[in-house]
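Here's the structure we're looking at; comments come further down.
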Amino acid sequence: VELSNLKKKVLEVETQLREEKKISSRLRETSEKKIEQVNAIDSEIAAEMERFRWKKEEILFQLKANEEEIKKKLNSLKLQEKGLLTDIADYDIQHSENQRLQARLKALSGEYQRTLKEQSEERNQRAQKNFDTRMAMEEIMRKMIKNVDSTYENDAV
């Protein structure tokens, strides 16, 4: 009886051992699959990290290139600003000089117009004086001719 109980126990233990081997085998297979999945994910992560590193380097390179280009443009704009400020200063000087010259020209034009008017008045006065003098001379001449005429008439008579 005892032997039979032992045999039963041994059979039970063997059955249990077979079941555990099956379970262990399934767990091993599952574990191997999981390890393969982990390895695949690790490979993907490594590849993704490499792509990220390359993109990061590319972006950093592009940022540096952009920064250099921006610095060049900024320097160019600063030079343009200096040039424009110089041009504005020159324009202000020219504008001031132009206003001064226009005021001077206006004054000279007024003086010229006054001079022309004075000269015209003087010419008119001289012409009038010449006319008056000529008229006076003609009157004197007429009187002289009359006197000479009357003297000749008296001498002739």
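A search for salt bridge (charged side-chain N to carboxylate O under 4.0 Å, His left out) contacts involving E139 returns R142, not counting sequence neighbours. With sequence neighbours left out, the side-chain hydrogen bond (donor to acceptor under 3.5 Å, both in side chains) criterion links E81 to no other residue.
N98 places a side-chain heavy atom less than 4.5 Å from the side chain of Q102. Contact annotation: the side chain of K55 never approaches that of R51 to less than 4.5 Å [non-hydrogen atoms, C-beta and beyond].
Taking a 4.5 Å side-chain heavy-atom cut-off between Ile, Leu, Val, Met, Phe, Trp and Tyr, the cluster of M141 extends to I145.
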For this session: Could you walk me through whether N124 and Q128 pass the side-chain contact (heavy atoms from CB on, under 4.5 Å) test, one step at a time?
Result: CA-CA 6 Å; N124 288 339; Q128 186 64 45; over 6 Å; no
Problem set entry | Worked verdict on W54 versus E58 for side-chain hydrogen bond (donor to acceptor under 3.5 Å, both in side chains) | CA-CA 6 Å; W54 278 103; E58 183 180 324; over 6 Å; no
Problem set entry | Working for salt bridge (Lys or Arg N to Asp or Glu O under 4.0 Å), residues K73 and E69 | CA-CA 6 Å; K73 284 183 180 179; E69 186 177 336; 3.3 Å; yes
Exercise. Can you check side-chain hydrogen bond (donor to acceptor under 3.5 Å, both in side chains) on Q62 and N66, steps first, answer last?
Worked result: CA-CA 6 Å; Q62 189 63 39; N66 289 346; 3.2 Å; yes
For this session: I would like to know whether R114 and E118 meet salt bridge (Lys or Arg N to Asp or Glu O under 4.0 Å); could you show each step before the answer?
Result: CA-CA 6 Å; R114 281 189 300 279; E118 288 172 4; 5.9 Å; no
For this session: Please assess Q16 against E19 for the test side-chain contact (heavy atoms from CB on, under 4.5 Å), listing each intermediate value before the final yes or no.
Result: CA-CA 5 Å; Q16 193 176 8; E19 284 297 317; 5.6 Å; no
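Distance NZ/K106 to CD/Q99: 12.0 Å, rounded to 0.5 Å. Separating the CD atom in E138 from the CZ atom in F131 is a distance of 8.0 Å, to the nearest 0.5 Å. I35 CD1 to D42 CG: the interatomic distance, rounded to the nearest 0.5 Å, is 11.5 Å. In this structure, the separation between NZ on K78 and NZ on K71 is 11.0 Å, given to the nearest 0.5 Å. The structure places CG of N130 at 6.5 Å from CZ of R134, a figure rounded to the nearest 0.5 Å. If you take CG on D90 and CG on L84, they are separated by 11.5 Å, rounding to the nearest 0.5 Å.
Annotation for R104: atom CZ does not count as buried by contact number, only 12 or fewer foreign heavy atoms lying within 6.0 Å.
Linking ILVMFWY residues whenever their side-chain heavy atoms come closer than 4.5 Å, directly or via other members, leaves L79 and I88 in distinct clusters.
For the pair E97 and R100, the salt-bridge criterion is met [side-chain N within less than 4.0 Å of a carboxylate O]. Salt bridge present: E57 and R53 bring a charged side-chain N and a carboxylate O closer than 4.0 Å.
S76 places no side-chain N or O within 3.5 Å of a backbone atom of K72 that could act as its donor or acceptor partner. Looking at T86, its side chain does come within 3.5 Å of a backbone N or O of K82 through a donor-acceptor pair. Checked by atom type and distance alone, the side chain of S120 never pairs as donor or acceptor with a backbone atom of L116 at under 3.5 Å.
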